[in-house]
Asker: 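I'd like to ask you about the structure that follows.
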Amino acid sequence: MDKKNNTLRISTNYKIMKRIIAVIALIGSVSSSLKAQTIDPASIKSKMQWFADAKLGIFIHSGIYAVNGIDESWSFHNKKISYAGYMKQLKGFTLDKYDPAFWAELIKESGARYAVITTKHHDGVAMYDTRMNNLSIVKATPAKKDMVKPLFDELRKRDIKCGAYFSLIDWSYPDYPGFLKDSSRYKVEDDYGRWDRFRSFFQGQIKEISNKFNPDLWWFDGDWEHSAEQWESEKVRQIILSHNSQSIINGRLQGYGDYETPEQNFPVSRPKYNWWELCMTTNNNWGYHPDDTNWKTPYEIITIFTDAVSNGGNLLLDIGPRADGTIPQEEIDVLKELGAWNKRNGESVFNTVGGIPQGHFYGPTTLSKDSTTLYLFVQGHINGNVTLKGLMNKIEDITVLGSQEKLTHKIVGKISWSAIPGLVYINVPEKAEDKYVTVLKLKLDGPIKLYAGHGGLN
Ligand code: H79
């Protein structure tokens, strides 16, 4: 998907919606104050605050694809397995050892502030008790139970926000056009009646999920197969927000979402969006895939995480549990390591804002909300000195998070008659080093002021 276009669409759609609402207001018939509320930037900002502060979420891809350990939904779509063969997995999805309290505890331990679980992937298998058809783990697998509600209950006990992943695509539904990569059932333009049946079906499921679980966040996927008009994106947004005006909706609703979702791709320059979230796998796959041992290390995950936060984003880190409800040890280990790092260094990440522009410091940075504290993330081994350029403020105090270490610094090359600040050299002793990423906390004499010029040249 072209994310840039997507965002452009988001803002143009808002502009168009704003204009439409202004016109309706003029003719004196604003039927829905909600509509006005959903597009009011101030209310969106307040709705988004927990998300902006949360920084870390855990994504859970649980589905029947874990039985064989194959690609979620795409394996039959891309004809790596027959549809019948894929659906045989229903018989092996047991959730025998599903322990939602353990899952929630692990998520808590990782430091994450929200979790997003698949309620239905592109294969159309609902992970809850849908009344809209019979294709659910409740009706069609030995698990015979809804897995969403018990997890949300356990997460909420621990103050963790709950997200519902929902695939707009449903390659199993007989009235959905798409099926295999090279074959589809029909074209929407050729049979609007049939498409309408699918529309009532998927929108019915969205209403069910709203009513049953009241998600704090909706994570749509697969919007690229149809247009906003075809999905009725505006109506879908309305359905969700009329049930809970504070629900956050991700940006995969053809222009009607609240935030951007780059997938498995890392921004190099800071994205211009107000809110964005990098979703990323722990190995190379979303679902349980025992043949995939390409695990990212804690160091890699922590550096990616701090880089995302430094650039104003969140990380939504995925795990893929087994069909019996257990979580692979490698994923448990990495979440615990990440959690231990967050325990030592979380102050520099949670409830902060993205850091200073590139060039001042060669690494990620964040700022306290009042911008009087600057956090520097130092990756790997430190060779004595860390440098900072263009800082106009006086540094009151430097500490290393997770240790009581106070650091000394030297200002180098400050010329008395010049307004241009000198360089800051911070002396970091080896013993202060964190196992993964060391965080230096610089308390400034006031809100940060930076010099970013060319050294007096024009
Ligand atoms: O649930 C996980 C994946 O199964 C799902 N999203 C994550 C969270 C996912 N769906 N698609 N992709 C990942 C990759 C998307 C590829 C696409 Fe395309 C490129 C969609 C549109 C362009 C390839 C070409 C697939 C369809 C056309």
Side-chain angles (χ1 to χ4, degrees), residues 1-7 9 56-81 83 86 89 112 114-127 137 147-148 163-172 176-184 187-188 202 205 209 215 217-228 230-231 248-255 257 259-266 276-289 292 294 296 304 308 313-321 331:
M1 272 186 301
D2 187 340
K3 302 293 174 204
K4 218 172 171 187
N5 273 342
N6 209 23
T7 326
R9 276 202 305 274
L56 180 64
I58 301 299
F59 211 170
I60 305 165
H61 273 70
S62 175
I64 64 165
Y65 35 87
V67 173
N68 291 7
I70 54 176
D71 298 354
E72 69 291 346
S73 312
W74 294 93
S75 52
F76 77 79
H77 179 79
N78 290 330
K79 308 214 286 196
K80 290 188 188 164
I81 183 172
Y83 180 71
Y86 183 91
Q89 295 179 104
Y114 63 109
V116 179
I117 186 170
T118 42
T119 60
K120 186 181 87 168
H121 205 263
H122 314 330
D123 61 10
V125 181
M127 308 308 286
I137 60 165
M147 69 182 300
V148 179
Y165 169 104
F166 183 83
S167 169
L168 294 163
I169 293 173
D170 188 328
W171 290 322
S172 282
Y176 186 75
F179 182 41
L180 305 179
K181 63 175 177 183
D182 51 7
S183 62
S184 57
K187 281 205 179 87
V188 173
F202 92 83
Q205 288 194 319
I209 293 168
L217 184 151
W218 283 81
W219 214 100
F220 287 108
D221 203 6
D223 68 339
W224 57 82
E225 286 206 355
H226 296 280
S227 63
Q230 290 178 342
W231 296 121
I248 291 175
I249 301 171
N250 79 332
R252 298 193 185 188
L253 195 53
Q254 290 288 19
Y259 73 91
E260 291 300 316
T261 57
E263 177 168 329
Q264 306 275 46
N265 288 305
F266 313 103
W276 65 273
E277 170 202 71
L278 167 69
C279 58
M280 185 180 80
T281 52
T282 308
N283 51 5
N284 289 343
N285 282 279
W286 297 100
Y288 175 61
H289 234 287
D292 175 1
N294 194 17
K296 294 180 182 75
I304 293 166
N314 289 4
L315 175 67
L316 183 62
L317 180 64
D318 181 72
I319 57 171
E331 292 176 344

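Indexing begins at 1, ligand by ligand and atom by atom, following the structure's order.
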Asker: Between W219 and ligand 1, does any nitrogen or oxygen pair lie at a separation below 3.5 Å?
Answerer: no
Asker: At a 4.0 Å cut-off, with the gap strictly under it, does some heavy atom of K181 reach an atom of ligand 1?
Answerer: no
Asker: Would you mind listing which atoms of ligand 1 come within a distance below 4.0 Å of any non-hydrogen atom of E72?
Answerer: 2 (C), 3 (C), 4 (O)
Asker: Tell me yes or no: between the side chains of Q254 and S227, is some donor less than 3.5 Å from an acceptor?
Answerer: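 The answer is no; no qualifying pair exists.
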Asker: If we count only N and O atoms by modelled type, under 3.5 Å, do the side chains of Y65 and D123 hold a donor and an acceptor together?
Answerer: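 Judged by distance alone, the side chains do not pair up.
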Asker: With a cut-off of 4.0 Å, which atoms of ligand 1 are near a heavy atom of H122?
Answerer: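 Close to H122: 10 (N).
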Asker: Ignoring hydrogens and angles, tell me if any N or O in the side chain of K120 forms a donor-acceptor pair with the backbone of V125 under 3.5 Å.
Answerer: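 The answer is no, because no donor-acceptor pair under 3.5 Å joins these two groups.
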Asker: So if I count the atoms of ligand 1 from 1 in the order they appear, which ones are less than 4.0 Å from some heavy atom of Y165?
Answerer: 1 (O)
Asker: Just jot down the ring-ring contact (aromatic ring centres under 6.0 Å, His included) partners of Y114, sequence neighbours excluded, or say none.
Answerer: W50, F51
Asker: So, does H61 sit close enough to ligand 1 that a heavy atom of it is under 4.0 Å from the ligand?
Answerer: yes
Asker: Is there at least one pair of N or O atoms, one from W74 and one from ligand 1, spaced under 3.5 Å apart?
Answerer: yes
Asker: Any side-chain donor paired with an acceptor under 3.5 Å for Y165 and H121?
Answerer: yes
Asker: Could you tell me whether some N/O pair between W286 and ligand 1 is separated by less than 3.5 angstrom?
Answerer: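 Looking only at distances, the answer is no, because the N/O contact criterion of under 3.5 Å is not met.
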Asker: Salt-bridge test for D223 and R252: reply yes if a basic N is under 4.0 Å from a carboxylate O, no otherwise.
Answerer: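 Not counted as a salt bridge, because no side-chain N and carboxylate O are separated by less than 4.0 Å.
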